[in-house]
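Counting convention: from 1, in listed order, for ligands and their atoms alike.
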Amino acid sequence: MVPAREALARLKEGNRRFVEHLRRADGPARRLELTQTQAPLAIVLGCSDARVPAEIVFDQGLGDLFVVRVAGNIVAPSQVGSVEFAAARFGTRLVVVLGHSQCGAILATLDELRRPSDTQSRNLQSIVDRVRPSVEGLLETDLRHDPDVLVKQAVRANIRTSANHLRHGSPILEQLIRDDGLLVVGAEYALETGAVEFFDGVPVGV
Ligand SMILES: [Zn+2]
């Protein structure tokens, strides 16, 4: 475990490298260009998992991605609002819901469904409650006997649910989808390979 002070020192050091342009990050010119405006090429609603940072896994730089991260890439009103804001304000027309293999929020929800407990914090429970509807049906199928496949299917079901919520849970986004080319897709990042598979909502031929 890295002590807090050391972690803070490392963050400061990393930021210093960033400011001094010693990393592969965008240079000062790009940073200055972005002080007045931004036009992200995509909005990403991703999981908070430390192993799945959108900018790194998509190799994008400053100003390229408008990222909303929350454990389990769930959709609650503040996530919808963030996506609405970016789509309406910056004209971004691609929304990616990015889940990943072995997602802790999915595993926690499956555990909770198998062994309900009342010890969980209410705040954490609110995340489990958002994931539950898309995965509980899977536990009623034969998948419950195959833990690996169950988790895989649950991860994908949760991604689909979040993408559908964004497509149908907001009049602003619905209008942008209908009239203005907004596309909401679901994708899964594989921790094992680093590959992202876009599996939901991708138009034929893309
Ligand atoms: Zn996760």
Side-chain angles (χ1 to χ4, degrees), residues 1-2 7 11 14 40 42-60 64-83 86 92 94-117 119-139 141 143-144 146-167 169-170 173 183-202:
M1 191 190 70
V2 179
L11 289 183
I43 300 164
V44 179
L45 171 68
C47 182
S48 302
D49 193 301
R51 299 165 293 182
V52 196
E55 290 87 346
I56 294 178
V57 307
F58 287 124
D59 194 25
Q60 296 298 311
D64 292 334
L65 300 179
F66 188 96
V67 181
V68 184
R69 286 177 73 179
V70 58
N73 40 273
I74 56 162
V75 176
S78 56
Q79 279 82 45
V80 180
S82 298
V83 174
T92 306
L94 176 65
V95 181
V96 180
V97 174
L98 182 64
H100 64 98
S101 57
Q102 297 301 321
C103 181
I106 306 298
L107 296 172
T109 303
L110 289 169
D111 277 352
E112 173 73 14
L113 285 164
R114 288 195 198 97
R115 288 181 296 278
S117 71
T119 54
Q120 199 142 242
S121 106
R122 273 178 44 217
N123 303 308
L124 181 52
Q125 188 66 43
S126 74
I127 293 176
V128 168
D129 287 344
R130 295 256 172 204
V131 175
R132 180 188 291 129
S134 46
V135 308
E136 63 188 347
L138 297 173
L139 281 172
T141 70
L143 284 175
R144 68 181 179 279
D146 190 341
D148 288 346
V149 180
L150 175 68
V151 171
K152 282 184 184 145
Q153 299 276 339
V155 163
R156 293 215 165 191
N158 181 58
I159 293 167
R160 283 194 193 91
T161 298
S162 289
N164 274 327
H165 191 149
L166 292 177
R167 290 178 191 121
S170 154
L173 297 180
L183 180 66
V184 180
V185 300
E188 182 185 1
Y189 172 80
L191 294 180
E192 304 79 2
T193 64
V196 174
E197 184 182 346
F198 293 87
F199 68 91
D200 182 59
V202 180

Open item on the list: For Asp129, give me all partners under side chain to side chain donor-acceptor pair (under 3.5 Å), at least two apart in sequence or on another chain.
Closed with: Gln125, Arg132
Task: Arg115 bridged to Asp111 by N-O distance under 4.0 Å - done: yes
Task: side chain to side chain donor-acceptor pair (under 3.5 Å) partners for Gln102, two or more places apart - done: none
Open item on the list: Nearest 0.5 angstrom please: Ile74 CD1 to Ile127 CD1, how far?
Closed with: 5.0 Å
Task: Neighbouring protein N, O or S atoms of the Zn ion (ligand 1) [cut-off: under 2.8 Å, no waters] - done: Cys47 SG, His100 NE2, Cys103 SG
Task: Where Ala187 and Ile159 come nearest, the two heavy atoms and their spacing - done: O-CD1, 3.4 Å
Task: Non-neighbouring partners of Leu124 that pass side chain to side chain contact (heavy atoms under 4.5 Å, CB included), sequence neighbours left out - done: Gln120, Ser121
